[in-house]
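Working notes, structure below.
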Amino acid sequence: MSQAFNLTTRKNNLRALSLDRGKARFDLVIIGGGITGAAVARDASLRGLKVLLLEKNDFAWGTSSRSSKLIHGGVRYLEHFEFGLVFESVSERARLWKLAPHLVKPLSFLFPAYKTSRLRFPMLVAGLWLYDLLALFRVPTLHKAFAQKRTTQEEPALRSENLEGSVKYWDASTNDSWITLSNIKDAQDAGALSISRMNVESVEWNSQVANRNDAFHKVKAYDVLENQNFEFEARVVVYAAGPWTDLLWDSSHPKLATTRGSHIVVNAEKLPIKNAVVLIHPTDERVLFAIPWEKHTIVGTTDIFDAAHPDQTQMSPQEVDYLLKAAEFYFPKNLLKKEDVLSTWTGLRPLLAPSKDAGTASDISREHHLEWQNPGRVLICGGKLTTHRRMAQDTIHCILQNTRHWEFPLGQENPLLDANSVTDHRPYPNFLAPTQKSSSQLPDLNDIKKILNEQMVLELEDFFVRRTDIFYKAPKNGLEYVESLKSIFLEVLGWNEARFAQSLEKYCEYLEKNIGKPLERRIIR
Ligand code: FAD
């Protein structure tokens, strides 16, 4: 049964942090509550380490709620001969199908081949044989090659001019926010303290102690919600800050080359597809997707170098045009217009800075990178949503290797430090309320209460964007539900009218930035 994870949990966690006047100690303090930090917290706490995870926004607020929501091997990486990455990714995909069936669902893809395209039909067939082979054939059904006629039966909206045929294969879809939260809830249930809206401000090494085993990092953090400062101690600090890495990690060279990726959402009636369709953009020949999403369709993504501050990431109007152009080319019978765009989202890929000129943004590897820095800091960056569990395992192994000669962890009985496979066979907790679906509808009353009580909702934005998909899919992006939600938020979260109005104002700011068109504020005034 899912346990409470709400304002009261947060207050208890804060109390534990302020114990001993700044001397509360943790084996690991993790900076960043995206999928990477969440998975490290889960793995570490399941091994018995004393863990604190801090996230300056909502959990999954960064890249981990802004992905294409695919658990995939990455067919396109085969073009770059990244067989190791594909093998690791398809192995994790198979594991997640088994361990998190409520979060990771098989999704069929159709990859059409055109006479004018750089990837012709025989190449696609060969590529997909290799893809299924690397997966050791652990797929719902092996890929199938279709001739032109069968392809248009499969996807009637698809452009038929110059179409040679297609290959149908399987990957998976997920809800990136929910899989992040699932890791965090498992960690919290195993004893970790996970606190959102807590900004880590500094990490200093306290070496003023006689015994090496008494030396700790002093961490200072600021509670954004309650405007309070905190100070505590950590044996090891894990930097899992995704695109924020270079703002926090001390290094002479930037670790990352961040690239921006954006998506648009339209009603499925405007762009009806049965399978996810792989598109090669007619302008720059990049791979992107049209993805069915219940009663909606996603088109994305772009891939543009973006060195702006990660807090400020924003989709440009040119990106909407670029995505519409791909849709127009492949689905000429269903011409999409800007007005059809219901919502958008944009995120920064925390990609590793290449050692030499990488060419285009899409050519940069999606491998992850681990780095240990004495005394006791570890950086984990790069990687993919798909490989989060492996990234976490590698992080813990790196820490254990480098702390072999320490008394680590301190004061704990029988930690499972040697266990290689602590998360290999452990199912992901299913914390979802029964009517909490990927839809434009409000869950029913009891389920809204369950979400507020068990999923650490601290703002309306958390509810609309990362606990439900209402922001993306409802005709007015959730504003139509504000009046019905008000009394429930006031009752369950103990808010007053002013607190609700403040949260609504913040949500309106979020909408103005993310729906790609002016907000009709009159509906809530
Ligand atoms: P983030 O999710 O960004 O988490 C870092 C967190 O650190 C942030 O929430 C931030 O608020 C927090 N933080 C920063 N500074 C501080 C501080 N001082 N104190 C406290 N907290 C702090 N991968 C896939 O496998 N499949 C896909 O389909 C896919 N599609 C993608 C599409 C796009 C457009 C993008 C951008 C990425 C995609 N990825 C995909 C990659 C994947 O989403 C990322 O690799 C992954 O989400 C990165 O997670 P993270 O935890 O490392 O970073």
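Computation of the quantities below employed the complete heavy-atom set of this structure, encompassing side-chain atoms and omitting hydrogens, waters and symmetry-equivalent molecules. In listed order, ligands and their atoms are each counted from 1.
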For Lys220, I'd like to know if atom NZ has over 12 heavy atoms of other residues, nucleotides or ligands within 6.0 Å.
no
Just checking Lys255: does its NZ atom have more than 12 heavy atoms from other residues, nucleotides or ligands closer to it than 6.0 angstrom?
yes
Shortest protein heavy-atom distance from [atom], along with the residue and atom involved:
atom: atom 17 (C) of ligand 1; value: Asn199 OD1, 3.4 Å
atom: atom 33 (C) of ligand 1; value: Arg66 O, 3.6 Å
atom: atom 25 (O) of ligand 1; value: Thr386 OG1, 2.6 Å
atom: atom 22 (C) of ligand 1; value: Lys56 CG, 3.7 Å

Residue from Leu28, Asn402, Thr395 passing side chain to side chain contact (heavy atoms under 4.5 Å, CB included) with Val236:
Leu28
Polar atom proximity, [X] to ligand 1 (N or O, under 3.5 Å):
X: Ile35; result: yes
X: Asp58; result: no
X: Thr36; result: yes
X: Gly383; result: yes
X: Ser67; result: no
X: Val200; result: yes
X: Ser68; result: yes

Of the backbone atoms (N, CA, C, O) and the side-chain heavy atoms from C-beta on, which set of [X] has a member under 4.0 Å from an atom of ligand 1: side chain, backbone, both, or neither?
X: Lys69; result: backbone
X: Pro310; result: neither
X: His72; result: side chain

Identify which of [options] has a heavy atom lying nearest to [atom].
atom: atom 48 (C) of ligand 1; options: Gly32, Ser202, Ser64; value: Ser64
atom: atom 44 (C) of ligand 1; options: Thr63, Ile179, Asp171; value: Thr63
atom: atom 36 (C) of ligand 1; options: Glu55, Arg93, His368, Arg349; value: Arg349
atom: atom 26 (N) of ligand 1; options: Asn57, Leu385, Leu70; value: Leu70

For [Y], does the six-membered ring have the charged nitrogen or CZ of [X] within the cation-pi criterion, i.e. under 6.0 angstrom from the centroid and within 45° of the normal?
X: Lys69; Y: Tyr472; answer: yes
X: Arg25; Y: Phe232; answer: no
X: Arg42; Y: Tyr428; answer: yes
X: Arg66; Y: Trp61; answer: yes

Using a 4.0 Å cutoff against the non-hydrogen atoms of [X], which atoms of ligand 1 qualify?
X: Leu348; result: 36 (C)
X: Gly261; result: 34 (C)
X: Gly62; result: 2 (O), 3 (O), 9 (O)
X: His263; result: 34 (C)
X: Thr301; result: 34 (C)
X: Leu54; result: 20 (C), 21 (N)
X: Ala240; result: 5 (C)
X: Gly347; result: 36 (C)

State if Arg260 counts as touching ligand 1 under the rule of any non-hydrogen atom under 4.0 Å.
no
Quick one: does Met198 get a heavy atom under 4.0 Å from ligand 1?
yes
Taking the basic N atoms (NZ, or NE/NH1/NH2) and the acidic carboxylate oxygens, is any pair closer than 4.0 Å for Asp469 and Lys437?
no
Hey, are Lys506 and Glu509 close enough for a salt bridge, meaning a charged N less than 4.0 Å from a carboxylate O?
no
Please confirm whether [X] and [Y] have ring centers closer than 6.0 angstrom.
X: Phe230; Y: Tyr222; answer: no
X: Tyr510; Y: Phe464; answer: no
X: Phe289; Y: Phe109; answer: yes

With Arg93, which of Asp171, Thr387, Thr386 fulfils side-chain hydrogen bond (donor to acceptor under 3.5 Å, both in side chains)?
Asp171
Indicate yes or no: at least one non-hydrogen side-chain atom of Leu458 is less than 4.5 angstrom from one of Ser196.
yes
Arg467 versus Asp58: any side-chain heavy-atom pair under 4.5 Å?
yes
Quick check: does any side chain N or O of Trp345 sit under 3.5 Å from a backbone N or O of Ser67, one acting as donor and the other as acceptor?
yes
